[in-house]
Amino acid sequence: MLDIQDLRKDLAAVAELLKKRGFTFDTTKYTELEARRKNIQTETETLQAKRNAISKQIGMAKSKGEDVAPIMTEVVGLGEQLKKSELALMFVQTEMQKMILGIPNLPHESVQAGKDETKNVEVRRWGAPRTFDFAVKDHADVGAPLGLDFDTGAKLSGARFTFMRGGIAKLHRAIAQFMLDTQTEQHGYEECYTPYLVNYETLLGTGQLPKFEEDLFKIKTDIPDDPTAGEVAEVAATGATSLQYRTKQFYLIPTSEVTLTNTVRDEIVPLDTLPIKLTAHTPCFRSEAGSYGKDTKGMIRQHQFDKVEMVQIVHPDKSYEALEEMVGHAENILKALELPYRVVSLCTGDMGFSAAKTYDLEVWLPAQNTYREISSVSNCEAFQARRMQARFRNENGKPELVHTLNGSGLAVGRTLVAVLENYQNADGSVTIPKVLQPYMGGQEKLTIR
RNA sequence: GGAAAGGUGGCAGAGUGGUUGAAUGUACCUGACUCGAAAUCAGGCGUACGUGAAUAACGUAUCGAGGGUUCGAAUCCCUCCCUUUCCGCCA
């Protein structure tokens, strides 16, 4: 959510920045709503002030035992007028709120303007892609004989689900363990275990809702209300078949950024607790609506995948420092795994809704002969904090919005893909990266079953 | 899932229809006293929004959330959420 004050002060400048990231902001509609809001709010508050004053008079008069009838006549019709005005205010405020919640974050000045990923800027590369003296297979072909079982995944759930067995399943677990241990032991994050089902407010806080509902999996639970005896009789008598239901709506988290970041929702944290650094290994669920036909083979794009997430809640002055640090934390994982990668600064058009600046880490995939996204680290500045009302008490004791950052550290499934492809051998086996061997009971290779 | 109790300012804790944004205590800030500190005394001390040049002033909202009754609601009514305790069930 943007700062409403910024919208009021310099609407044109905000609209210009939004245009840079491909978002057309209807300033005419906004200006019109804002004018209406101002009118109605002034009117409503004037009426409220009047009501309060008269009610106070009545109270005073009554306590003195005076006759209140004359004062009462003054208030005739006021209630109705006020109700009408309050309703109109609520309506216009809801309209504006809807509009504002749908506006993406403003890009940081250092972000390259551009329409799509072709304008992303490569920042640096690390590691040299290995040369193979045999025909490289993609991860699906390497993994299949080792226990990567797409058929069973499809049977159980459908497309974009994977079943893993044996060494592959264990390697997958080893990768996650290694990442989590590195983030907690080397980089100072606190390990967390979080819910995978969250409520509406939580997703509103990090910006997935209300705009991107179609990307999420929804869980709806209908709990029948316990009908009283009277209602049961009524239902029986009328032959009605439907009971009253109370619906509980949950959403599966698309990333634990959601749960970790929302830990500070509606909180005012003391200054000295910053920065808050949290990490968690969780599954992530994405409907990937709108990605039909993309990466259909293999486990690049799944409805369910595991990720180790890093989140930092920081002082606004420190957020860009933290962004660089977090990119480093993600890079350290790839360095330890000795996987070649590059760091890319996303252009305005390729960034996510909540981000002011994003770096992607792209890992080398020999079978695709290209770098593919394996981590995304973003500074959301106060965008999420404002939605969440997440604040800290500043040097003067005043509440001020925190800045929030999140990043993958890393996507576990895609790391498995990268390991399978980069560490494959001519005989179909896969060498286990050194740092993962302790997590595999000292095993050095995955061999065909 | 059943039963009961409860959700009030940073914390503790009064308040059951009327000059209540809310007693009191505590924490915190300022001043006085002191060489300094403690203690004591005096004053101040929430948040959001609006009008506004303003971190001035004024107004509005806010006592878990939403709705209702009323001229007036922290207080009465309804719905929901959450917490605690006991019982049941369950991994």
Side-chain angles (χ1 to χ4, degrees), chain A residues 1-10 33-97 100-101 193 195-202 204-205 220-231 243-251 262-273 382 385-402:
Chain A
M1 196 164 100
L2 302 183
D3 189 348
I4 294 190
Q5 304 302 338
D6 287 348
L7 290 178
R8 294 211 182 108
K9 276 184 205 131
D10 204 346
L33 277 173
E34 170 66 7
R36 258 169 63 202
R37 191 225 94 230
K38 206 176 223 179
N39 256 327
I40 300 173
Q41 182 161 349
T42 309
E43 183 190 302
T44 306
E45 291 185 355
T46 306
L47 288 171
Q48 284 171 331
K50 192 173 165 192
R51 180 204 57 197
N52 290 347
I54 296 175
S55 293
K56 206 170 252 189
Q57 273 181 40
I58 295 174
M60 280 192 270
K62 272 205 166 174
S63 68
K64 288 182 203 148
E66 291 168 9
D67 180 20
V68 294
I71 315 176
M72 291 292 250
T73 59
E74 281 184 53
V75 89
V76 170
L78 192 85
E80 201 142 317
Q81 211 183 337
L82 185 59
K83 200 168 272 183
K84 239 173 87 182
S85 190
E86 279 174 339
L87 219 65
L89 180 63
M90 209 201 300
F91 182 79
V92 72
Q93 279 177 335
T94 308
E95 276 295 295
M96 293 191 79
Q97 193 67 2
I100 289 164
L101 285 173
Y193 173 84
Y196 305 152
L197 293 169
V198 294
N199 57 31
Y200 188 92
E201 290 72 22
T202 299
L204 191 78
K220 205 172 182 177
T221 314
D222 289 333
I223 303 162
D225 267 348
D226 192 27
T228 65
E231 278 166 343
L243 284 167
Q244 285 292 316
Y245 283 96
R246 214 168 40 207
T247 302
K248 271 203 141 161
Q249 177 77 73
F250 288 114
Y251 296 84
N262 272 280
T263 53
V264 290
R265 187 174 88 226
D266 293 321
E267 301 281 341
I268 301 174
V269 302
L271 182 60
D272 60 17
T273 59
R386 193 171 291 110
R387 289 172 162 247
M388 294 190 298
Q389 281 305 299
R391 294 168 294 176
F392 69 101
R393 218 167 270 286
N394 69 16
E395 295 78 353
N396 303 318
K398 290 286 165 210
E400 195 179 328
L401 294 168
V402 295

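Predicted, not measured: the structure shown is a model, and the values here were computed from it. Just so we're on the same page: letters track the sequence lines, and every chain starts at 1.
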## Note on the structure
In B/S/- notation (B base, S sugar-phosphate only, - none; protein heavy atoms under 4.0 Å), nucleotides 55-68 of chain B written 5' to 3' is ----BSS-------
### Task
Mind checking the CG-CE spacing from A/Asn262 to A/Met388? Nearest 0.5 Å is all I need.
5.5 Å
### Task
Evaluate the side-chain proximity of A/Leu47 to A/Arg51: yes if any heavy-atom separation is below 4.5 Å, no if none is.
no
### Query
Between A/Val402 and A/Arg391, what is the shortest heavy-atom contact and its length?
CG1-C, 3.8 Å
### Message
Nearest whole Å is fine: how far is B/rA48 P from A/Glu267 CD?
### Response
15 Å
### Task
Would you name the heavy atoms of A/Ala385 and A/Leu401 that are closest together and state the gap between them?
O-CD2, 3.6 Å
### Query
Under 3.5 Å, is there a donor-acceptor pair between the side chain of A/Arg387 and the main chain of A/Arg265?
no
### Message
Working to the nearest 0.5 angstrom, can you tell me the gap between A/Thr202 OG1 and A/Leu197 CG?
### Response
11.0 Å
### Residue pair A/Asn199 / A/Tyr251: nearest heavy atoms and the distance that separates them
C-CD1, 4.4 Å
Taking only distance into account, with no hydrogens and no angle test, what donor-acceptor pairs under 3.5 Å do side-chain atoms of residues 1-8 of chain A form with protein atoms, sequence neighbours excluded?
from, atom 1, to, atom 2, distance (Å)
A/Asp3, OD1, A/Gln5, N, 3.0
A/Arg8, NE, A/Glu34, OE2, 2.9

### Task
Considering only atom P, compute the distance from B/rU26 to B/rA32 and round it to an integer number of Å.
22 Å
### Task
For A/Arg36 and B/rG50, give me the distance from atom CZ to atom C1', rounded to whole Å.
18 Å
### Query
Between the side chains of A/Ser55 and A/Asn52, does any donor sit under 3.5 Å from an acceptor?
no
### Message
Just so I know, are the side chains of A/Glu86 and A/Gln48 near enough to count as touching, which here means a heavy-atom distance under 4.5 Å?
### Response
yes
#### Entry: Rounded C1' spacing from B/rU16 to B/rA23 in Å
15 Å
### Message
Under the criterion side chain to side chain contact (heavy atoms under 4.5 Å, CB included), I'd like the reasoning laid out for A/Arg393 against A/Leu271: C-alpha separation, chi angles, the key distance, then a yes or no.
### Response
CA-CA 6 Å; A/Arg393 218 167 270 286; A/Leu271 182 60; 5.7 Å; no
### Task
Could you check how far CD of A/Glu34 sits from C1' of B/rU51, rounded to whole Å?
13 Å
Let me check something: any side-chain donor-acceptor pairs from residues 75-84 of chain A under 3.5 Å, sequence neighbours excluded? List them with distances.
none

Got a list of protein N/O to nucleotides 27-30 of chain B N/O distances below 3.5 Å?
none

### Query
Expressed as a whole number of Å, how far does the C1' atom of B/rU62 sit from that of B/rA3?
34 Å
#### Entry: Interatomic distance where CZ belongs to A/Arg8 and P belongs to B/rA53 [whole Å]
14 Å
### Query
In B/S/- notation, 5' to 3', how is nucleotides 6-22 of chain B contacted by protein heavy atoms closer than 4.0 Å?
------------BB---
### Rounded distance (Å) that lies between atom P of B/rU51 and atom CD1 of A/Ile40
14 Å
### Task
Write down the atom of A/Ile71, the atom of A/Ala61, and the distance for their closest heavy-atom approach.
CD1-CB, 4.0 Å
### Query
Considering heavy-atom distances to RNA chain B, does A/Gly79 or A/Ile268 have its closest nucleotide positioned more toward the 5' end?
A/Ile268
## Note on the structure
The residue, A/Met72 or A/Gln93, whose nearest nucleotide of RNA chain B is more 5′ is A/Gln93
#### Entry: Pairwise P distance, B/rU20 and B/rG59 [rounded to whole Å]
14 Å
### Query
Say you pick atom P in B/rG6 and the same atom in B/rG15; how far apart are they, in whole Å?
12 Å
### Task
Would you mind classifying the nucleic acid contact of A/Glu86 as base, sugar-phosphate or nothing, using non-hydrogen atoms under 4.0 angstrom?
nothing
### Query
P atom, B/rG52 versus B/rG25: distance in rounded Å?
41 Å
### Query
Rounded to the nearest Å, what distance is computed from the CE atom of residue A/Met96 to the C1' atom of nucleotide B/rG50?
13 Å
### Task
Would you mind reading off the distance between A/Gln5 atom CD and B/rA54 atom C1', rounded to a whole angstrom?
13 Å
### Query
What distance separates A/Glu43 CD from A/Leu89 CG, expressed to the nearest 0.5 Å?
9.5 Å
### Task
Quote, to the nearest angstrom, the P distance that separates B/rA48 from B/rU55.
12 Å
### Paired stretches of RNA chain B - 3 or more consecutive Watson-Crick or G-U pairs, each distance under 3.5 Å
B:1-7 with B:81-87, B:10-12 with B:24-26, B:28-32 with B:40-44, B:46-51 with B:57-62, B:64-68 with B:76-80
### Task
Sticking with atom P, work out how far B/rG67 lies from B/rA74, rounded to a whole angstrom.
14 Å
### Query
Near A/Phe91 CZ, under 6.0 Å, is it more than 12 heavy atoms from other residues, nucleotides or ligands?
no
